[in-house]
Number of protein chains: 2
Amino acid sequence: MIQLDEIDHALLRALSRDATQTAGALGRELGLSQPAAWRRIRRLQEAGIITGRKLDLDAGKLGFGVTVFLGIKLATKGRVSLEDFERAVSAIPEVQTVEHILGMYDYRLRVTARDIADFERVLRRRVMTLPGVGSVDANVLLSEERRPGPLG
Amino acid sequence: MIQLDEIDHALLRALSRDATQTAGALGRELGLSQPAAWRRIRRLQEAGIITGRKLDLDAGKLGFGVTVFLGIKLATKGRVSLEDFERAVSAIPEVQTVEHILGMYDYRLRVTARDIADFERVLRRRVMTLPGVGSVDANVLLSEERRPGPLG
DNA sequence: TTTGAAAAGTGATAACA
DNA sequence: TGTTATCACTTTTCAAA
């Protein structure tokens, strides 16, 4: 595992807030030359710490006003059924996140839909028919705050 | 609300996979000139559809090997206690996501820690002492898959 | 209006001290 | 690591469909 110093952490913190910042601007902020900052960022990528950059989209403005978290318990938990379940769930376009978890649920899904009627369609036609599903609990997203966490 | 055509959706789909792609490369892929692709991307930003670009970090490589989802029910649910709770939870650095939800839980937190011992510290010292907390359920993240969803 | 071509400005990447 | 140099991308301008 690669060793990171204060400056690396400051870079990660700054980029966690806004990944569009240029190496030059970050260097200026941290008292580094532009190529020095750039090389550190590349090092973080090559070490696999920065794995990519993703868009932040406003789902509501794209017509997807409903986000629901589903907690799923499987009925049968053999290895085969886990793989079957994961393959099937990956084919549902409305599923944004599949989390395999340990605890009171086996899987947690983040599902987005245009409205409640659209969500009901996804739930009945796609989710309830997934192979091995035992029970499904739902929570509707009201608001969300993402924080940098201790990583950056 | 802004009207999007096929090309805009293709751009969003491509950028959802990898937000580092250049306007020139995207234009070539979609049969558009470089400035045309660039202007469309800028339009999506100005319309508030693209709200930013965030880093994808490998928490494990940064020494945070444990991610836990907490489902929290509040004991008292007045407006004041929601705000108190949110303010207090935002001050915990290990919390990466705060989701206000409707259903069997009131809040869902994504918490990351170095190991189980570290997580226990966060849970006992920070989470259990949050104002208004009724009960806390936990699920440990085993693996996670993020998908573009229907947005892009 | 949205497009493509061209040009100017800025950042990314490489070579080198 | 910083300096310099080059190349690529971004951003603006402008003219045409």
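We name chains A, B, ... by the order of the sequence lines, and we start the count at 1 in each one.
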message = Does D/dT12 have OP1 or OP2 under 4.0 Å away from a side-chain N or O of B/Arg39?
response = no

ask   = Is there a side-chain hydrogen bond (donor to acceptor under 3.5 Å, both in side chains) between B/Ser90 and A/Glu145 once you walk through the steps?
value = CA-CA 9 Å; B/Ser90 286; A/Glu145 188 196 355; 3.0 Å; yes

key: Exercise: do B/Arg147 and A/Gln96 side chains pair donor with acceptor under 3.5 Å   = no

ask   = For A/Tyr105, which fellow cluster members are found when Ile, Leu, Val, Met, Phe, Trp and Tyr are connected by side-chain heavy-atom distances below 4.5 angstrom, either directly or through intermediates?
value = A/Phe69, A/Ile101, A/Met104, A/Leu141, B/Phe69, B/Ile101, B/Met104, B/Tyr105, B/Leu141

note = Separation of D/dT1 atom C1' from A/Trp38 atom CH2, nearest Å, is 15 Å

Nearest-angstrom distance from the residue atom CZ of B/Arg43 to P of D/dT11 = 16 Å

ask   = What is the nucleic acid contact for B/Ser33, judged by heavy atoms within less than 4.0 Å: base, sugar-phosphate only, or nothing?
value = base

request  = Hydrophobic side-chain clustering at under 4.5 Å (ILVMFWY, transitive links): who's grouped with A/Ile2? Put none if nobody.
outcome  = A/Leu4, A/Ile7, A/Leu11, A/Leu12, A/Leu15, A/Leu26, A/Leu30, A/Leu32, A/Ile41, A/Leu44, A/Ile49, A/Ile50, A/Leu151, B/Leu55, B/Leu57, B/Leu62, B/Phe64

task = Map B/Gly31 and A/Ala23 onto DNA chain C by nearest heavy atom, then report which one ends up closer to the 5' terminus.
result = B/Gly31

task = May I ask you to evaluate whether B/Gln34 reaches the phosphate of D/dT10, defined as a side-chain N or O under 4.0 Å from OP1 or OP2?
result = yes

query = To the nearest angstrom, how far is A/Leu11 atom CG from D/dT1 atom C1'?
reply = 14 Å

query = Which sits closer to the 5' end of DNA chain C, A/Pro35 or A/Thr22, going by the nucleotide each is nearest to?
reply = A/Thr22

ask   = For atom CD of B/Glu6, is the number of surrounding heavy atoms from other residues, nucleotides or ligands below 6.0 Å larger than 12?
value = no

request  = With a 4.0 angstrom cut-off to heavy atoms of chain B, pull out the first and last contacting nucleotide of DNA chain C, in 5'-to-3' order.
outcome  = C/dT3 to C/dA6

message = Determine whether a donor-acceptor pair (N or O, by modelled atom type, separation under 3.5 Å) exists between the side chain of B/Asp106 and the backbone of B/Lys73.
response = no

task = Report which part of the nucleic acid A/Ala25 touches: base, sugar-phosphate, or nothing (heavy-atom distance under 4.0 Å, all strands).
result = nothing

key: B/Arg53 and B/Gln45 side chains, donor-acceptor separation under 3.5 Å   = yes

inquiry  = Just to verify, what does B/Arg17 make a side-chain contact (heavy atoms from CB on, under 4.5 Å) with, not counting sequence neighbours?
reply    = B/Ala14

query = Quick one: A/Asp8 CG to D/dT1 C1', roughly how many Å, whole number?
reply = 14 Å

query = Could you give the CD-to-P distance, from B/Gln45 to D/dT10, as a whole number of Å?
reply = 11 Å

inquiry  = According to ring-ring contact (aromatic ring centres under 6.0 Å, His included), does anything in residues 107-150 of chain A pair up with another residue at least two apart or in another chain? List the pairs.
reply    = A/Phe85-A/Tyr107, A/His100-A/Tyr107

remark   = The bend of the helix from C/dT1-D/dA17 to C/dA17-D/dT1, taken between the axes of its five terminal pairs at each end and rounded to 10°, is 30°

